[in-house]
K.L.:
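Below: one structure in structure tokens.
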Amino acid sequence: MSVQEMKPVKEGKVREIYDNGDSLIMTATDRISCFDVILKNEVTKKGTVLTQMSKFWFDMTEDILPNHMISVDVQDMPEYFRQDKFDGNSMLCKKLEMLPVECIVRGYITGSGWASYQMTGEVCGIKLPEGLRESDKLPEPIYTPSTKAEIGDHDENISYEESAAYLEKRFPGKGEEYASKLRDYTLALYKKCAEYALSRGIIIADTKFEFGLDEEGNIVIGDEMLTPDSSRFWPAEGYEPGHGQPSFDKQFARDWLKANTDHDWMLPQDIVDKTIAKYLQAYQLLTGKELA
């Protein structure tokens with residue numbers, strides 16, 4: 001008897017989401033996107049790293065707030081998912097009503113934050129001390145939310161006050177409450193996880209979280225959590241402010257694409273190999289074990 005094929009109800013740049021009735025199945029594929037374009041290569045094992053790393057952080061932060069994870073064991077999923085391509089990179093999740101704000105937290109000044117600080121002394125409207133160097137640790141982590149764009153569009157940075165107004169439009173009477181909870185949860189999650197990561201030799205420079213509401217209206221963390229796709233991870237060894245830092249993510253791929261403009265969105269194999277090696281190294285440092 002053939003197993004009924006299931007089709008994703010939503011496909012992102014990297015993730016595919018399947019409707020499982022009262023739950024969802026999220027599969028992290030081995031696709032890689034840079035500069036909002038899906039490349040022609042696949043990066044083997046990348047999806048498994050993303051899913052297992054999210055599981056690791058979800059387990060660690062249950063004391064701060066609940067998350068959407070039910071299981072990463074394909075035996076708990078419909079039979080269609082019991083094939084190799086789903087094993088390890090799929091997560092059975094609770095259905096949530098996602099809140100339309102990307103919750104970004106920055107502990108170090110880098111990337112677009114650094115560019116903005118050089119021009120205005122501010123990041124997303126937050127005034128920062130004078131004299132910071134690129135990659136400096138900030139006195140306190142800052143919360144800089146953005147709107148969630150559709151694929152192909154760019155997210156837009158907004159202030160905390162704008163996030164409250166934005167949420168109020170969609171959830172009348174709840175805007176301020178949701179905005180303040182998102183900020184407080186984001187900062188609490190970051191502080192706990194960044195401190196842990198530092199003890200394992202990784203600096204989490206910045207990251208983004210996504211939250212949703214469960215059927216009781218509680219705020220729950222959803223999507224992925226603290227992966228190299230949603231965060232900047234730097235090695236603590238050799239960390240030196242004053243310039244950009246090497247990172248455990250797609251930087252190899254991004255740098256190669258920038259340097260080779262006739263790429264047609266295809267990476268050479270050695271760049272793919274270096275990219276996955278970075279993901280695997282980050283996983284091993286953080287969890288203390290090899291990826292199964």
Side-chain angles (χ1 to χ4, degrees), residues 34-35 49-50 53-54 56-57 60-61 64 101-146 154-160 163 182-211 221 223-255 258 275 278-279 281-287:
C34 292
F35 310 116
V49 173
L50 298 183
M53 201 177 272
S54 288
F56 173 77
W57 294 116
M60 186 190 284
T61 54
I64 296 176
V101 172
E102 296 228 307
C103 298
I104 298 164
V105 53
R106 302 165 193 263
Y108 293 73
I109 189 151
T110 182
S112 62
W114 170 242
S116 159
Y117 173 77
Q118 286 177 290
M119 289 193 309
T120 63
E122 299 182 349
V123 175
C124 300
I126 298 169
K127 188 94 185 104
L128 292 177
E130 282 176 30
L132 291 176
R133 296 160 299 170
E134 184 178 4
S135 309
D136 259 335
K137 186 176 185 181
L138 295 171
E140 256 322 285
I142 57 172
Y143 175 62
T144 59
S146 78
H154 287 286
D155 300 338
E156 190 186 331
N157 292 332
I158 51 177
S159 66
Y160 169 76
S163 79
L182 292 183
R183 177 195 60 203
D184 295 349
Y185 282 144
T186 295
L187 291 168
L189 289 166
Y190 174 77
K191 283 176 182 167
K192 176 172 184 169
C193 298
E195 198 172 298
Y196 168 80
L198 197 53
S199 77
R200 308 286 311 179
I202 288 184
I203 290 169
I204 302 175
D206 52 35
T207 191
K208 66 169 190 206
F209 300 114
E210 296 196 29
F211 299 90
I221 186 161
D223 198 55
E224 63 182 320
M225 180 171 178
L226 287 163
T227 69
D229 267 19
S230 64
S231 322
R232 274 195 184 89
F233 291 164
W234 297 336
E237 197 181 325
Y239 162 67
E240 183 188 63
H243 53 80
Q245 308 297 309
S247 59
F248 290 97
D249 60 11
K250 308 184 271 203
Q251 208 52 51
F252 273 120
R254 288 195 203 100
D255 291 348
K258 272 190 201 155
T275 299
K278 279 284 167 209
Y279 278 72
Q281 189 189 0
Y283 179 82
Q284 193 180 348
L285 279 171
L286 285 168
T287 65

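In what follows, residues are counted from 1 in the order of the sequence shown. All figures in this text were calculated on a predicted structure; none of them were measured in a lab.
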K.L.:
Give me the ring orientation class for W234 and Y239: parallel if the planes are under 30° apart, tilted from 30 to 60°, perpendicular past 60°.
P.N.:
parallel

K.L.:
Side chains of K192 and M60: does their closest heavy-atom pair fall under 4.5 Å?
P.N.:
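Yes - at least one pair of side-chain heavy atoms lies under 4.5 Å apart.
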
K.L.:
Using only heavy-atom distances, determine whether the side chains of Y279 and D229 contain a donor-acceptor pair under 3.5 Å.
P.N.:
yes

K.L.:
Could you tell me whether E140 and K191 make a salt bridge, using a distance below 4.0 angstrom between a side-chain N and a carboxylate O?
P.N.:
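Looking at K191 together with E140, the answer is yes, because their closest N to O distance falls below 4.0 Å.
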
K.L.:
Testing the basics here: between S135 and Y108, what is the closest heavy-atom pair and its distance to 0.1 Å?
P.N.:
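So the minimum-distance heavy-atom pair works out to O-CD2, 3.6 Å.
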
K.L.:
Check whether S230 reaches the backbone of T227 with its side chain - one donor and one acceptor, N or O, closer than 3.5 Å.
P.N.:
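Looks like yes, one N/O pair under 3.5 Å.
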
K.L.:
Starting from the C-alpha separation in whole Å, work towards a yes-or-no answer on side chain to side chain contact (heavy atoms under 4.5 Å, CB included) for T144 and N157.
P.N.:
CA-CA 7 Å; T144 59; N157 292 332; 5.7 Å; no

K.L.:
Could you tell me which non-hydrogen atom of L198 sits nearest to which non-hydrogen atom of A236, and how far apart they are?
P.N.:
CD1-CB, 4.1 Å

K.L.:
With side-chain hydrogen bond (donor to acceptor under 3.5 Å, both in side chains) as the test, would you mind laying out the steps for T207 and R232 before giving the verdict?
P.N.:
CA-CA 6 Å; T207 191; R232 274 195 184 89; over 6 Å; no

K.L.:
Are the charged groups of E102 and K208 less than 4.0 angstrom apart, N to O?
P.N.:
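K208 and E102: salt-bridged.
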
K.L.:
A side-chain contact here means heavy atoms from C-beta on lying under 4.5 Å apart; do Y196 and W57 qualify?
P.N.:
yes

K.L.:
Whether the side chain of D255 engages the backbone of F252 through a donor-acceptor N/O pair (distance < 3.5 Å, no angle test) should be reported.
P.N.:
no

K.L.:
With heavy-atom distances below 4.5 Å as the criterion, would you say the side chains of C193 and T61 are in contact?
P.N.:
yes

K.L.:
With a 3.5 Å distance limit and no angle check, can you tell me whether T120 reaches the backbone of E122 through a side-chain donor-acceptor pair?
P.N.:
yes

K.L.:
Could you give the distance from CE (M225) to CE (M53), rounded to the nearest 0.5 Å?
P.N.:
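Answer for the CE-CE pair, M225 versus M53, is 12.0 Å.
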
K.L.:
Compare all side-chain heavy atoms of S163 with those of R183 and state whether any distance is below 4.5 angstrom.
P.N.:
no

K.L.:
Please test D249 against F233 for side chain to side chain contact (heavy atoms under 4.5 Å, CB included), starting from the C-alpha separation and ending with a verdict.
P.N.:
CA-CA 7 Å; D249 60 11; F233 291 164; over 6 Å; no

K.L.:
Restricting to non-hydrogen atoms, name the atom on P129 and the atom on P139 that form the minimum distance, rounded to 0.1 Å.
P.N.:
CG-CG, 3.7 Å

K.L.:
Does S54 reach the main-chain N or O of L50 with its side chain, forming a donor-acceptor pair under 3.5 Å?
P.N.:
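Yes, the answer is positive, given that a donor and an acceptor are paired below the 3.5 Å cut-off.
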
K.L.:
For the backbone of E240 and the side chain of Q245, can you confirm whether one donor and one acceptor N or O come within less than 3.5 Å of each other?
P.N.:
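Checked: pair present.
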
K.L.:
Taking all atoms of both residues into account, what is the closest heavy-atom pair of C103 and T186, and its distance?
P.N.:
CB-OG1, 3.2 Å

K.L.:
Which value, rounded to the nearest 0.5 Å, describes the distance between F248 atom CZ and Q281 atom CD?
P.N.:
4.5 Å

K.L.:
I need the E134 CD to Q118 CD distance, nearest 0.5 Å.
P.N.:
7.0 Å

K.L.:
Check whether any side-chain N or O of Y117 sits under 3.5 Å from a backbone N or O of L132 as a donor-acceptor pair, and report yes or no.
P.N.:
yes

K.L.:
Could you check whether any side-chain heavy atom of I221 comes within less than 4.5 Å of a side-chain heavy atom of L189, counting everything from C-beta outward?
P.N.:
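Heavy-atom side-chain distance check passes, below 4.5 Å.
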
K.L.:
Report yes if some heavy atom in the side chain of C124 is under 4.5 Å from a heavy atom in the side chain of S159; otherwise report no.
P.N.:
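SC-SC contact between C124 and S159 ruled out.
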
K.L.:
Which atom names give the shortest non-hydrogen contact between S112 and R106, and what distance separates them?
P.N.:
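Distance-wise, the nearest heavy atoms are OG-NH1, 3.8 Å.
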
K.L.:
Determine whether I104 and S146 make a side-chain contact, defined as any pair of heavy atoms from C-beta on separated by less than 4.5 Å.
P.N.:
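Yes - at least one pair of side-chain heavy atoms lies under 4.5 Å apart.
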
K.L.:
Does I204 offer a backbone N or O that forms a donor-acceptor pair with the side chain of Y190 under 3.5 Å?
P.N.:
yes

